[in-house]
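One structure is given below, encoded as structure tokens.
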Amino acid sequence: MNNRNILWIVVAVIVVGGGLWLLSGDNKTVSEEGPIKIGVSSPLSGEAASYGESARAGALLAQKEINEAGGVNGRMIELVFEDDTCSPSGVSAMQKLVNVDKVSAIIGPVCSPVAGAAIPIARSAEVPLILIGASAPGLAGGPDSIFSTYPSDAFQGKFAAEYLYSDLGARKVAVLYVNNEWGVGLRRVFVERFKELGGEILFDEGVAQDVKDVRTQVSKIKNTNPDIVYVPLFPAGGIAAIKQFKEAGVDVPLIGGDAFLGDEIVNSGVSEGVMYTAAKVNNTDEFKAQVKALTGVDANIIAPLAYDALKIYAGIMEKSGTDAAAVVKGLNDLTYTEGVSFPEISYDDNGDLEKAAYEVFVYKNGKAELVK
Amino acid sequence: MSIVPQIIINSIIAGSLYALVAMGFSLIYSVTKFFNLAHGVLAAVGGYGVFFFGRMLGLPVMVAVALGILIATLVGWLLERCVFSPLRSRKSSALVLLVASLGAFTAIQALIALLFGSQFLTLAPILEGGSPFTVAGATITDVQIVLVGTALAAFVCVWLILKKTSFGKVVRATADDEEVAKIVGINTHKVIGKTFVIGSMLAGMAGILSGFDTGIEPIMGLPLLLKGVIAAIIGGMGSVPGALLGAYLLGFSENVGVWFIPGEWKDAISFSILILFLLLRPFGILGRK
């Protein structure tokens with residue numbers, strides 16, 4: 001055996017051994033002592049970074065309050081933050097949380113595209129998971145460990161259709177949606193409901209999440225002469241599309257979905273007059289001030305969702321321990337009225353939020369104003 | 001139908017953007033005979049350069065643009081000096097250079113994301129733009145007019161340089177056969193360096209104009225590069241007029257095609273055309289057999 005061969009064998013041993021060691025890590029599925037690890041999967045970078053920041057800030061505030069009050073039965077909460085970048089490749093964040101960090105419970109994801117890919121991982125490991133923003137219909141699935149503390153888009157799409165038809169009097173609508181879990185879900189519900197009400201869909205096309213040039217679609221839409229354009233797009237594509245609509249001289253109202261509520265839209269400078277729907281989540285000034293004082297972040301509605309999710313976990317674990325099945329049962333039986341985000345949080349058999357209300361906002365002078 | 005002028009304008013706009021990338025790419029290929037994938041990231045460098053100088057430092061628009069182009073040119077030239085040239089002097093194959101350029105592309109892209117974050121940013125706020133113009137029933141913005149003008153002006157300049165100056169002659173000689181050019185006494189090393197300068201400038205301009213028109217993000221280089229490469233190939237690899245022709249052809253096919261079929265298929269159209277050309281006429285429209 002010459003030196004070269006020995007080197008290869010050493011490398012192989014290190015790689016295989018290291019891998020085995022890493023994966024076996026903490027061998028118990030959930031440790032019974034020491035800090036309770038709760039994973040948070042959110043977009044800390046990328047086009048939806050403002051949502052991830054708010055999620056992180058809300059969770060940190062809840063963690064601080066819980067730990068300062070003595071933790072959960074004496075055990076401190078330890079948060080493990082992973083960046084899922086709001087795209088399907090972010091599934092690696094979930095992999096790490098479930099398989100490497102072996103967290104007791106998970107908060108997130110925020111983005112539907114990630115959720116679609118990541119949820120099966122948590123589901124098959126039976127780790128309790130509360131979605132805080134991923135709203136594509138059907139994500140929470142059937143009775144299992146997956147819950148959603150943000151209403152499903154089955155509601156949002158319907159609400160948007162009804163708002164456009166009844167409140168804005170639109171009869172002919174063009175739809176440009178982002179081709180991912182969220183956009184496809186919203187579009188399906190919207191189109192179905194709008195047609196049910198008697199409206200006409202003049203144009204219905206999707207664009208990939210990373211496409212920025214939609215000029216041809218804009219020209220086609222302009223040519224169909226709609227009353228309103230429904231644009232459930234993600235922030236990056238949405239900004240480009242809004243700009244191109246305005247440049248093309250499309251002057252009918254543009255209304256998007258809750259992906260438009262982040263800072264990104266305002267910071268782009270093209271937001272004037274753009275409307276969007278979002279679930280009614282309470283984000284009181286008092287709460288926002290607390291979050292800002294702790295983290296410096298201007299919280300959007302994802303913060304109260306993350307805050308409540310952590311508090312809910314802590315409450316259940318205090319009573320029933322950290323065993324996954326017990327936590328899931330606790331979530332199923334939950335009627336939580338001490339939350340910041342909603343007056344009452346309870347989940348139906350599928351894990352979806354039982355109650356939901358929506359609001360419509362319009363951007364004026366760089367600020368979102370409530371319209372309905 | 002009032003939509004036809006708009007489609008034509010959209011095609012010209014898209015074609016101009018692709019042309020800027022394709023011309024630089026083709027020019028560099030003609031003298032070095034390898035696919036420089038790092039060409040794409042220079043567009044991002046240009047765009048972010050303007051962002052840095054214009055939005056972060058607050059310098060006047062034209063200064064920021066000039067500095068942006070300068071940075072892109074510098075990075076491109078440095079890549080040639082520090083990465084590609086040493087590899088070439090070791091007689092590395094075109095494949096090795098391609099992989100090296102891919103590495104450079106990825107590394108620089110990641111660096112940009114590290115420095116500036118990976119979200120989508122717009123350059124437009126630093127422009128005091130007017131409202132879009134209407135020409136024969138189609139709308140076009142001032143940035144887009146500049147884009148088209150720049151592409152055409154760049155083509156004319158590069159073509160004049162290549163055809164009318166002695167430097168251009170030297171470039172064409174090197175493109176023809178590098179070995180013979182060296183024998184004849186041409187300092188091909190310097191020639192290639194200067195070619196990279198020109199090519200990188202064009203790429204930087206493409207990135208900057210695209211940034212003004214749509215926006216910038218670290219990954220903006222790849223789509224631009226791909227379209228530029230397709231345009232260069234179908235127009236004839238190594239031919240600058242070919243690159244221009246290919247780019248406008250591509251722009252038209254995409255935009256006219258998407259009129260009839262859903263917009264999501266735009267890229268499918270481009271790549272289908274590429275495959276068609278590679279099968280039937282691999283040397284492109286203006287390429288030589």
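Computed from a predicted model, the values in this text were never measured in an experiment. In what follows, every chain begins at residue 1, and chains take the letters A, B, ... in the order their sequences are listed.
With a 4.5 angstrom heavy-atom cutoff, B/Ile13 touches chain A only via side-chain atoms. Residue contact with chain B, scored on non-hydrogen atoms closer than 4.5 Å, is absent for A/Val211. The part of A/Ile239 that comes within reach of chain B is its side chain, from C-beta onward, which places non-hydrogen atoms under 4.5 angstrom from that chain. Residue contact with chain A, scored on non-hydrogen atoms closer than 4.5 Å, involves the side chain of B/Glu217 exclusively. Looking at A/Glu247, the atoms closer than 4.5 Å to chain B (heavy atoms on both sides) sit in the backbone and in the side chain alike. Only the side chain of B/Asn10 comes within contact range of chain A, judged by heavy atoms closer than 4.5 Å. When heavy atoms are compared at a cutoff of 4.5 Å, B/Ile261 approaches chain A solely by way of its backbone atoms N, CA, C and O. With a 4.5 Å cut-off on non-hydrogen atoms, B/Asp213 touches chain A through its backbone and its side chain both.
Shown are A/Phe194, A/Phe203, A/Phe190; of these, the side-chain contact (heavy atoms from CB on, under 4.5 Å) with A/Val175 is made only by A/Phe190.
Options A/Gly206, A/Ala236, A/Ala248, A/Ala240 differ in how many heavy-atom pairs under 4.5 Å they form with chain B, and the most are formed by A/Gly206. Here A/Lys220 is the residue among A/Gln244, A/Lys222, A/Lys220, A/Glu47 with the most heavy-atom pairs under 4.5 Å with chain B.
Using a 4.5 Å heavy-atom threshold, the side chains of B/Tyr48 and B/Ile71 count as separate.
A/Tyr363 has its ring centre less than 6.0 Å from the ring centre of A/Tyr276. For an aromatic pair to be called close, the ring centres must be under 6.0 Å apart, and B/Phe25 with B/Phe35 satisfies this.
The stretch residues 174-192 of chain A participates, sequence neighbours left out, in these salt bridge (Lys or Arg N to Asp or Glu O under 4.0 Å) pairs: A/Arg187-A/Asp204.
Taking every heavy atom of both residues into account, A/Phe260 and A/Tyr51 meet most closely at N-OH, 3.8 Å.
B/Gln6 and B/Thr139 share a donor-acceptor pair across their side chains, judged by distance under 3.5 Å alone.
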